[in-house]
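Just below is one structure, and these are the notes that go with it.
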Number of protein chains: 2
Amino acid sequence: MKKLDERRKKILKAIVQSYIDCNTPIGSVLLTKMYPIGLSSATIRNIMAKLEEAGYISQPHTSAGRVPTEKGYRFYVDNLLEEQSLTLSSDLSRELSNKLRSYEKNNNVLIDEAAKTLSSVSHYLAIATPPKVEDILLKRIKFIKYEKRQVLTILISDEGIVENKIIELDKIHSQAQLDEAAMYINSKFSGLSLKEARERISNQLIKEKTLYNRLTANLLYIFKNIIPQETGSQPLNGLSGTSYLTDFASMKQIKGILRAIEDKRFMLKLLQQISASKGTQVIVGMDQIIPAMSELSMVISTFSSKSLVSGAIGIIGPTRMNYMKMIPMVDHTAKALTKILSKF
Amino acid sequence: MKKLDERRKKILKAIVQSYIDCNTPIGSVLLTKMYPIGLSSATIRNIMAKLEEAGYISQPHTSAGRVPTEKGYRFYVDNLLEEQSLTLSSDLSRELSNKLRSYEKNNNVLIDEAAKTLSSVSHYLAIATPPKVEDILLKRIKFIKYEKRQVLTILISDEGIVENKIIELDKIHSQAQLDEAAMYINSKFSGLSLKEARERISNQLIKEKTLYNRLTANLLYIFKNIIPQETGSQPLNGLSGTSYLTDFASMKQIKGILRAIEDKRFMLKLLQQISASKGTQVIVGMDQIIPAMSELSMVISTFSSKSLVSGAIGIIGPTRMNYMKMIPMVDHTAKALTKILSKF
DNA sequence: TAATAGCACTCTCAATACCAGAGTGCTAAT
DNA sequence: ATTAGCACTCTGGTATTGAGAGTGCTATTA
């Protein structure tokens with residue numbers, strides 16, 4: 001799998017790069033002209049034949065040039081991109097960071113803006129998944145007497161207000177009573193993730209009905225129902241550059257992508273894929289995830305906030321995209337996001 | 001402009017409808033076969049020549065059939081669609097209403113869901129603009145002492161909580177002090193629209209600096225800044241069925257539409273267009289609004305909530321869509337939305 | 001006199017043929 | 001081991017052609 005001698009690597013790299021440049025199958029003659037390899041076209045042809053046999057490149061038809069296969073791209077990304085060349089121009093790097101810094105305040109807007117910036121510099125589709133709501137750590141809950149039997153309930157995490165709702169109790173209670181109940185609930189559940197909190201409440205409500213007074217039990221129940229669920233119906237948070245789709249995707253691919261975006265199950269699969277390992281990674285050929293999305297690739301990276309809740313941000317483009325530019329771009333953006341989120 | 005005799009109307013209607021059905025230019029012979037008009041193809045040809053001269057239909061090229069022009073569609077929609085035929089099957093009507101009723105709770109989700117339903121039954125792109133934030137009527141503002149100098153500020157309207165934020169004051173104040181300031185502010189501004197409120201505060205802060213004590217002035221200032229602005233950057237609220245685009249739009253059109261959606265200025269233009277008159281209306285040929293969107297039409301309707309704040313919901317499809325089905329669909333959905341929103 | 005049948009004409013679209021260009025694999029020579 | 005040379009193959013663009021569909025005009029009919 002990995003035993004390609006130096007000469008073959010060199011040729012493969014040249015093929016991939018010129019294919020990325022020209023978007024046209026690469027023939028042996030053309031290659032000798034573009035790259036100053038000290039070899040004749042005939043020799044290149046021999047090497048190409050070997051590379052094809054090994055599955056790294058293929059011919060669209062007899063007597064066309066060669067095109068990298070998925071395996072070819074994979075190898076290129078993994079072994080042929082040297083670290084040193086993966087740097088962002090300092091101009092671009094500054095531009096990315098600055099744009100983001102101006103949106104520090106609001107997390108959702110920040111993530112949206114990150115996707116927007118990424119798509120506008122890459123000219124590909126940018127997507128960002130917000131941090132999983134369920135993993136947010138609860139700081140405290142607050143009940144505020146509002147009007148008659150109505151109570152304003154607020155869920156607060158380190159990142160700010162998570163959820164708030166006006167709910168209606170069956171009886172009128174004083175603010176002091178509410179405070180007492182809140183204090184009790186906080187003592188038991190603050191510090192947990194929302195998911196854990198919900199689960200624990202469910203258990204306790206069943207087991208120890210008698211432990212709580214009526215009000216506390218009521219509020220606990222309400223608390224549980226207020227915790228936002230990962231419904232899968234909420235719209236995709238950061239999504240930008242859909243109009244670039246027409247530049248690099250076919251009708252079929254566009255349909256596939258748009259459907260995936262609306263569907264949201266796509267995002268879940270995606271998250272599974274990438275959450276396995278941290279850092280920036282490249283998915284070559286997305287037909288594994290969504291059929292009809294072959295020929296498309298993804299460069300994606302994870303970011304995280306102070307409380308270690310993490311999301312992902314990246315781009316979707318043609319498999320023949322310029323990885324040398326795109327990888328550092330995504331990487332930088334994700335790191336900038338992490339920096340800003342952690343500071344807050 | 002309107003003086004088409006009965007026979008010509010009949011022919012125009014037949015042309016438009018069969019073009020909608022077949023999506024192919026309609027010739028005189030074909031027409032006589034499909035519709036039992038008591039006329040021969042030669043006669044039809046004569047009439048067609050007149051209709052073409054008057055600008056209602058056109059030929060893609062000599063010796064192809066005729067295709068309706070925008071003017072032709074316009075006339076068809078305005079004069080040739082009889083009221084009686086514009087009814088929804090009761091099945092579909094029930095389906096639409098039921099689906100919506102299950103989302104009564106949350107306005108934004110409700111509107112999203114309405115768009116989703118609309119796109120899934122029409123197979124076209126559905127869009128919905130949420131009510132203008134600026135027109136929401138302010139019910140009251142509330143300041144809640146939170147922690148040390150921090151204060152939780154909540155904006156409430158008839159529809160529920162509009163905005164909330166934790167802000168930081170320069171000094172510590174008691175809840176009583178905060179309540180007093182809130183009471184004062186409420187007495188002055190509750191009942192106004194958010195827009196009006198903001199404007200008035202600006203004026204008063206300039207003119208009557210001396211009238212308020214330090215805290216009230218501070219809170220007024222904060223209040224003003226918290227009022228959500230129509231920034232144009234917030235993502236489009238209800239948008240569904242983008243993947244259907246590939247079924248009826250060309251690459252160019254898709255690009256145009258996607259760009260418009262991301263841009264949001266599109267929505268403003270749109271709202272201007274339709275807010276002029278209430279009810280369901282048809283925009284034939286959207287190149288007026290967005291160039292590159294010719295051949296596309298829109299069926300859109302307004303809806304409103306209790307406090308008369310109104311939004312719009314509709315579909316975008318090919319100009320040759322089936323208006324007889326689409327108009328009642330959109331109409332019904334908008335009415336159902338209004339019903340649900342008013343009840344709440 | 002309005003409607004119609006017939007006919008010559010026009011234009012598109014699909015199929016076919018053809019050719020230049022680019023690329024390959026193989027063989028023989030260096 | 002590398003290379004030059006050559007015969008062969010395949011695509012993509014450009015003509016060419018013929019069938020099909022539709023029109024406008026004219027002569028005919030009721």
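A, B, ... follow the sequence lines: proteins, then strands. Residue 1 opens every chain. Note that the coordinates shown come from a computational prediction; the quantities given were computed from them, not determined experimentally.
For the segment residues 12-41 of chain B, residues with any heavy atom less than 4.0 angstrom from an atom of DNA chain D are, sorted by number, Gly27(B), Ser28(B).
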B/S/- along nucleotides 5-12 of chain D (protein heavy atoms under 4.0 Å) is B---BBS-
B/S/- along nucleotides 14-20 of chain C (protein heavy atoms under 4.0 Å) is -------
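Ile47(A) places its CD1 atom 13 Å from the P atom of dA1(D), with the value rounded to the nearest Å. Rounded to an integer number of Å, the gap from CE of Met48(B) to P of dG22(D) is 9 Å. Atom C1' of nucleotide dT24(C) and atom CG of Leu51(A) are separated by 15 Å, given to the nearest angstrom. Between Glu52(B) atom CD and dG22(D) atom C1' the separation is 12 Å, expressed in whole Å. Atom CD of Gln59(B) is separated from atom P of dT10(C) by 14 Å (rounded to the nearest Å). Going from atom CG of Asn46(A) over to atom P of dG25(C) covers 8 Å, rounded to whole Å. Arg66(A) has its CZ atom 11 Å from the P atom of dG23(C), to the nearest Å. Put simply, CD1 on Ile11(B) is 11 Å from P on dA3(C), counting in whole angstrom units.
A parallel orientation is assigned to the rings of His123(B) and Tyr244(B), their planes being inclined by less than 30° (bins at 30° and 60°).
Interatomic distance, OG1 of Thr24(A) versus CG of Leu30(A), reported as 8.0 Å (0.5 Å rounding). Between Gln281(A) atom CD and Ser301(A) atom OG the span is 8.0 Å, to the nearest 0.5 Å. Taking CD1 of Ile315(B) as the start and CD1 of Ile127(B) as the end, the distance is 10.0 Å to the nearest 0.5 Å. In this structure, CE on Met321(B) lies 8.5 Å from CD1 on Ile327(B), to the nearest 0.5 angstrom.
The phosphate of dA3(C) has OP1 or OP2 within less than 4.0 Å of a side-chain N or O from Arg7(B). Side-chain N/O atoms of Thr43(A) include none lying less than 4.0 angstrom from OP1 or OP2 on dT2(D).
Summarising the local packing, NZ of Lys10(B) is surrounded by 12 or fewer heavy atoms from other residues, nucleotides or ligands at distances under 6.0 Å. Heavy-atom neighbours of Glu70(B) CD from other residues, nucleotides or ligands within 6.0 Å: above the threshold of 12. Crowding of Glu53(A) atom CD: a count of heavy atoms from other residues, nucleotides or ligands under 6.0 Å not exceeding 12. Other residues, nucleotides and ligands contribute only 12 or fewer heavy atoms inside 6.0 Å of the CZ atom of Arg259(B). In the displayed structure, Lys13(B) atom NZ is contacted under 6.0 Å by more than 12 heavy atoms of other residues, nucleotides or ligands.
Between Lys9(B) and Asp5(B) no salt bridge is recorded (no basic side-chain N to carboxylate O distance below 4.0 Å).
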